[in-house]
A.B. asks: 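What follows is a structure written as structure tokens; I'll ask about it next.
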There are 2 protein chains.
Amino acid sequence: MSTGSTPGSPARPTPRPTDQADVRRHNAALVLGCVSSSGPLSRARVAAHTGLTRATVGTIVDELLAAGLVSEQGTRSASGIGRPGTDLVLRPDGAASVGLEINVDGIVVAVVDLGGTVRHRAARSGDLRDRTAAAVLRSAAHMVDDAVAVAYDLGLPVRGIGVAVPGLVDLGEQVLRLAPNLGWTDVAVVERLRFYAVTHWPCPVVLDNEANLAALGELWRGGHLSTDSFVLVNGDVGVGAGVVLDGALHRGSRGFGGELGHLTVAPEGPDCRCGARGCLEQVAGLDFILRQAGVRDAPRTGEDAVTPLLTRLRRGDERAIAAVRQAGEALGVGVAALVNLFDVDTVVLGGVFAPLFPWLDEPLQAVVRRRVLSAAWAPLTVRPSDLGRDAAVIGAAYAPLRDLLADPLTVVEESA
Amino acid sequence: MSTGSTPGSPARPTPRPTDQADVRRHNAALVLGCVSSSGPLSRARVAAHTGLTRATVGTIVDELLAAGLVSEQGTRSASGIGRPGTDLVLRPDGAASVGLEINVDGIVVAVVDLGGTVRHRAARSGDLRDRTAAAVLRSAAHMVDDAVAVAYDLGLPVRGIGVAVPGLVDLGEQVLRLAPNLGWTDVAVVERLRFYAVTHWPCPVVLDNEANLAALGELWRGGHLSTDSFVLVNGDVGVGAGVVLDGALHRGSRGFGGELGHLTVAPEGPDCRCGARGCLEQVAGLDFILRQAGVRDAPRTGEDAVTPLLTRLRRGDERAIAAVRQAGEALGVGVAALVNLFDVDTVVLGGVFAPLFPWLDEPLQAVVRRRVLSAAWAPLTVRPSDLGRDAAVIGAAYAPLRDLLADPLTVVEESA
DNA sequence: TAGAGTTCGTACAGCGCCTAAACATACTCG
DNA sequence: CGAGTATGTTTAGGCGCTGTACGAACTCTA
């Protein structure tokens, strides 16, 4: 938390001495961030924005140009009087990353460039609960192989691979400890993926929980959030939460955080896989919603599972609407708890909750209004995810790119 | 947050450029932290611990000596062969701070020195719900006046004043937005205190929630925690939580976090002041416990309120034991939620929960074991606070000292 | 069309901070 | 008492930011 922590890095960094190189790193990241977020900008404007000197910005920009992360763009944004500055812009194909999502309903890979554009996407659907971890990871590894090859053909340097999984991740060991909905326990996902890969992946591979990565994806690509403090509630068979405070992902000290699904919302409710009773997941999870709505003629997972439910909702099917309303109320209890504890001002509903938002919104809001103590001073925005079900893959791809953006000069060192 | 945020500072710092002065600041804090946490240490050992050069440590130590934050202590810890190093040690009276706690049952002030020793303590008991905010704050201001004078007499330079209040605090404005148990709304506590003060306080005054500050106090002075990630659950009439991840306090983006008391544990439970039903506070708060236990002949607040309950518990009074067990179970639900969301490995029970710990422990643990998903991989420690009811005052005093420890060279600048 | 005014980007001296190596100091061991 | 070792300080060197100065490029005005 301060310290939020980056996926893949150890949770508690040893106190490190600082020297001028760190100053350079920090300021380089500052300049790059300024260019990437505030559009085309001249060196002088960057200097004004960041508080650095024009001279300093000049040398840093030289290095970023050499690293291929930034490019000059002529003097488009001439502002009247005086010598026009040369516009600087983030070079989208200066770096890229491969995102991999392994979920109950299939595998998705995506090649995402530095600009956030998905340059390649491949999916393999099917209920993974029927297959062994080894078989799934072998498929996934080959899909990543293909994606790396595609990136190479597109001239994109792959700087990292991010992997999203639906379960508890041990960050230090890069091991998936428990994925109840997949039935996996203690799977060394990264090590196995590298083992099954045909080609060598010359870049870091980071593993993280899907809700955490979806939150990162939302932070990066999701429509302009008013703040960079929000919670992403990811709905599928399970329900997870990714917490972003001040732009930093808070995943708990050991990566086991964000397990919203097992919050108690109905102490006398149905038994849960986890051993407790009345877990949120049991009332707001996809399985329960479909069962309550009487949808039986659909696959139990994935996008396809929501489609028949959506058609019933649109038709005004009372049973379906009641089921979703009930889920919305349960979700409201969970969201209220999140907001009371974390004090975020925005909650984003992702996964299957995104398409269901129109029906979830009102009951959810009603519950939240009742239960959130600070509601009067700090209005809460609840909105569906823009990225929908691709948030996790995009976030997975973003994770390594984020490290790059936070320390842009590593790439020039490597090529030297 | 990381980013965690320091009480008193704005939640989202503008991206700032870094220069060599920041390097110095960082390394000075590193050296000071090393000396203060790892006992008496020679310059050479500090260099080895921090990774800095002996030369750098030398110059930094000179500055810290000049600032009066560190002192030399002869060559006590001679380690055999070679020239013995001169031991460096944190100078306890190099700085001090005044902590002020305003709670339902009274006001407490304390002068705490840099070594964490309480050098002066004064309390005024009585149910504050009977008095106006103005009267309470006037008393509090005068108590702080006295404390500042005492510190002056002891030769302690007062570097800051920390104020703990039981409610929602707006960090930016330094305003207490809502304290349901006091019946206060939108009180500019810091501004009022300075107004009522007789003497001028030449130092920063920071305001924060009592649970947050109690967590800071626990982090600082509470027995050696195995980790610096934990949650402090503070019990009184209300129930609050202070979350510390990797040594950083996470108070939410606007200071409204940690409201554990209004987590839902019994959807069909009794109505709560906050408008919802079945809040944790309604089942595990002091009022409810006393009522269930049949304790009517005691003040409703403060330490005295627990005493008759404790005697009944020790006597084996079944009604009292059942009441506390029920509170323990409710607390278990809340703690499980905290652990699932934040993934901490230690929970500290403070306030009135500390003396009740022997009776709360077992039912709480039972519930937690059932509900915490990661319990098998990451055992959870639940223990009572060492500081008891003084955690909040001590934490309040610590808050400004913490800023000083994080940037020790400010003091030498001021005196220059 | 020419000169004044303005802004942009770069070059250069200066300063602060860290590192590395050398040196003086102080103690133990044989 | 000298060799060996660890401590603390001194000095030269490198690096990064700042401030100033200067050439470049463009607009405005006469």
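Naming: A, B, ... by sequence-line order, numbering from 1 per chain. In what follows, every heavy atom counts, from backbone to side chain, and hydrogens, waters and symmetry copies are set aside.
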A.B. asks: Verify the contact: side-chain N or O of B/Asn27 to OP1 or OP2 of C/dC17, cut-off strictly under 4.0 Å; return yes or no.
C.D. replies: no

A.B. asks: How many whole angstroms separate atom NE2 of B/His26 from atom P of C/dC17?
C.D. replies: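 B/His26 atom NE2 is separated from C/dC17 atom P by 15 Å.
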
A.B. asks: Below 4.0 angstrom, N of the basic side chain to O of the carboxylate: do B/Arg221 and B/Asp386 qualify?
C.D. replies: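 Not counted as a salt bridge, because no side-chain N and carboxylate O are separated by less than 4.0 Å.
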
A.B. asks: Go through it in stages, so that I can follow the logic: the residues are B/Arg24 and B/Thr56, the test is side chain to side chain donor-acceptor pair (under 3.5 Å), and I'd like the CA-CA distance, side-chain angles, deciding distance and then a yes or no.
C.D. replies: CA-CA 10 Å; B/Arg24 184 55 141 213; B/Thr56 306; over 6 Å; no

A.B. asks: Which whole-number value in Å describes the distance from B/Gln73 CD to D/dG8 C1'?
C.D. replies: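 Taking CD of B/Gln73 and C1' of D/dG8, I get 18 Å after rounding.
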
A.B. asks: Looking only at heavy atoms, which two atoms of A/Thr50 and B/Pro17 are closest? And how far apart?
C.D. replies: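 It is O-CD, 3.1 Å.
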
A.B. asks: Measure from CZ on B/Arg24 to P on C/dC17 and round the result to the nearest Å.
C.D. replies: 5 Å

A.B. asks: In whole Å, what is the span from the CZ atom of B/Arg54 to the C1' atom of C/dT25?
C.D. replies: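 Result: 12 Å.
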
A.B. asks: Which comes earlier along DNA chain C counting from the 5' end, the contact point of A/Gly58 or that of A/Gly82, where each point is its nearest nucleotide?
C.D. replies: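 With A/Gly58 and A/Gly82 compared, the 5'-side residue is A/Gly82.
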
A.B. asks: Please give, in whole Å, the distance from C/dC17 P to B/Leu409 CG?
C.D. replies: 9 Å

A.B. asks: To the nearest Å, give me how far apart CG (B/Leu88) and P (D/dG8) are.
C.D. replies: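 Going from B/Leu88 (CG) to D/dG8 (P), I get 7 Å.
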
A.B. asks: Kindly express the pairing pattern of DNA chain C in dot-bracket notation, using | wherever a base pairs with another strand and counting only Watson-Crick or G-U pairs under 3.5 Å.
C.D. replies: ||||||||||||||||||||||||||||||

A.B. asks: Does a nitrogen or oxygen in the side chain of B/Thr53 sit under 4.0 Å from OP1 or OP2 of C/dC18?
C.D. replies: no

A.B. asks: What about A/Arg83, does its side chain sit under 3.5 Å from the base of D/dC26 through a donor-acceptor pair?
C.D. replies: no

A.B. asks: Would one find a side-chain N or O of B/Thr56 under 4.0 angstrom from OP1 or OP2 of C/dT19?
C.D. replies: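 Looking at the OP1 and OP2 atoms of C/dT19, one of them is under 4.0 Å from a side-chain N or O of B/Thr56.
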
A.B. asks: Run the numbers on A/Asp22 and B/Val23 for side-chain contact (heavy atoms from CB on, under 4.5 Å), then give the verdict.
C.D. replies: CA-CA 8 Å; A/Asp22 293 313; B/Val23 173; 5.9 Å; no

A.B. asks: The test is side-chain contact (heavy atoms from CB on, under 4.5 Å); show your working for B/Val31 and B/Leu64 and say whether it passes.
C.D. replies: CA-CA 9 Å; B/Val31 167; B/Leu64 294 177; 4.0 Å; yes

A.B. asks: Using the side-chain heavy atoms of A/Ala55, tell me which of these nucleotides is nearest: D/dG19, D/dG4, C/dG9.
C.D. replies: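 That would be D/dG19.
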
A.B. asks: Quick check: any donor-acceptor pair below 3.5 Å linking the side-chain of A/Arg43 to the base of C/dG9?
C.D. replies: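 Per atom types, no contact qualifies.
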
A.B. asks: Base, sugar-phosphate alone, or nothing: which one does B/Thr86 contact when heavy atoms must sit under 4.0 Å apart?
C.D. replies: sugar-phosphate

A.B. asks: Taking all heavy atoms of A/Asn212 and all of A/Gly242, pick out the closest pair and write down the distance.
C.D. replies: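 Looking at all heavy atoms of both residues, the closest pair is OD1-CA, 3.8 Å.
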
A.B. asks: Counting only side-chain heavy atoms from C-beta out, which of C/dT25, C/dC27, C/dT19 sits nearest to B/Pro84?
C.D. replies: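 Of C/dT25, C/dC27, C/dT19, C/dC27 is nearest to the side chain of B/Pro84.
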
A.B. asks: With the side chain counted from C-beta on, respond yes when A/Leu90 and A/Leu32 share a heavy-atom pair under 4.5 Å apart, and no when they do not.
C.D. replies: yes

A.B. asks: For the side chain of A/Ala44, starting at C-beta, report the closest nucleotide among C/dG9, C/dT28, D/dC17.
C.D. replies: C/dG9

A.B. asks: Between atom CG in B/Asp87 and atom C1' in D/dA6, what is the gap in whole Å?
C.D. replies: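 Atom CG in B/Asp87 sits about 14 Å away from atom C1' in D/dA6.
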
A.B. asks: Which heavy atom of A/Leu216 sits nearest to which heavy atom of A/Tyr398, and what is that distance?
C.D. replies: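 Scanning both residues completely, I find the closest heavy atoms to be O-CD2, 3.6 Å.
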
A.B. asks: How many Å lie between CD on A/Gln20 and P on D/dG16, as a whole number?
C.D. replies: 7 Å

